[in-house]
Amino acid sequence: MAKNNSKNNNGKMSLEEAGQKGGNKTARNHDQEFYEEIGQKGGKTTAKNHDQEFYEEIGQKGGKATSRNHDQEFYEEIGSKGGKERARQNDNNNNS
């Protein structure tokens, strides 16, 4: 939660506090569909403005951060989940 820095800002709300307040109000006024829509718009805009190299770079950064924060058990668990989901998808495709 944002700290109250009123004394340092002449009684004004800090940018962090204002952002938190605005974010909370937006969350109260909008549903999941709203967030999905703006997420898709943002994704499309990002795809228009960036090339494959950009995605490779952020993927590598994310992978490094994930490996720092998780152990082998984490990878085993997500690998198992992924394998089960792939098998389920293959079963569904074969039964169509």
Side-chain angles (χ1 to χ4, degrees):
M1 182 69 44
K3 294 181 182 178
N4 186 349
N5 295 327
S6 299
K7 293 179 183 177
N8 296 335
N9 294 321
N10 298 324
K12 295 182 180 179
M13 192 180 306
S14 71
L15 288 175
E16 184 179 354
E17 291 169 320
Q20 183 72 43
K21 186 175 182 180
N24 289 340
K25 183 169 184 171
T26 301
R28 284 192 305 271
N29 293 332
H30 296 285
D31 59 7
Q32 181 176 345
E33 186 176 321
F34 168 80
Y35 288 102
E36 289 173 0
E37 185 177 319
I38 62 171
Q40 288 173 356
K41 287 180 182 179
K44 288 177 183 177
T45 300
T46 301
K48 286 181 190 174
N49 295 327
H50 297 285
D51 59 6
Q52 182 177 347
E53 187 176 303
F54 168 80
Y55 289 101
E56 289 172 357
E57 184 179 324
I58 62 171
Q60 288 174 354
K61 288 179 180 179
K64 287 178 184 176
T66 301
S67 69
R68 282 193 304 269
N69 296 323
H70 298 285
D71 59 9
Q72 182 177 346
E73 185 177 318
F74 167 79
Y75 288 101
E76 290 172 357
E77 183 178 328
I78 64 171
S80 177
K81 287 180 181 179
K84 288 175 183 173
E85 178 62 20
R86 177 60 57 105
R88 187 189 66 76
Q89 290 172 358
N90 286 342
D91 286 346
N92 286 341
N93 289 339
N94 291 335
N95 293 330
S96 297

- prompt: Can any side-chain N or O of Tyr55 pair as donor or acceptor with the backbone N or O of Ala47 at less than 3.5 Å?
  reply: yes

Please report, to 0.1 Å, the donor-acceptor pairs under 3.5 Å made by any side chain of residues 76-83, with sequence neighbours excluded.
from	atom 1	to	atom 2	distance (Å)
Glu76	OE2	Gln72	NE2	2.8
Glu77	OE2	Lys81	NZ	3.3

field: Atom pair CD/CD of Glu33 and Glu37 - distance to nearest 0.5 Å
entry: 7.0 Å

Spacing of NZ belonging to Lys21 relative to OG belonging to Ser14, to within rounding of 0.5 Å: 11.5 Å

- prompt: Who passes side-chain contact (heavy atoms from CB on, under 4.5 Å) against Gln89, sequence neighbours left out?
  reply: Glu85, Arg86

- prompt: Thr26 versus Phe34: any side-chain heavy-atom pair under 4.5 Å?
  reply: yes

message: Once side-chain contact (heavy atoms from CB on, under 4.5 Å) is applied, do any residues pair with Lys25, and if so which ones, sequence neighbours excluded?
response: Arg28, Asn29

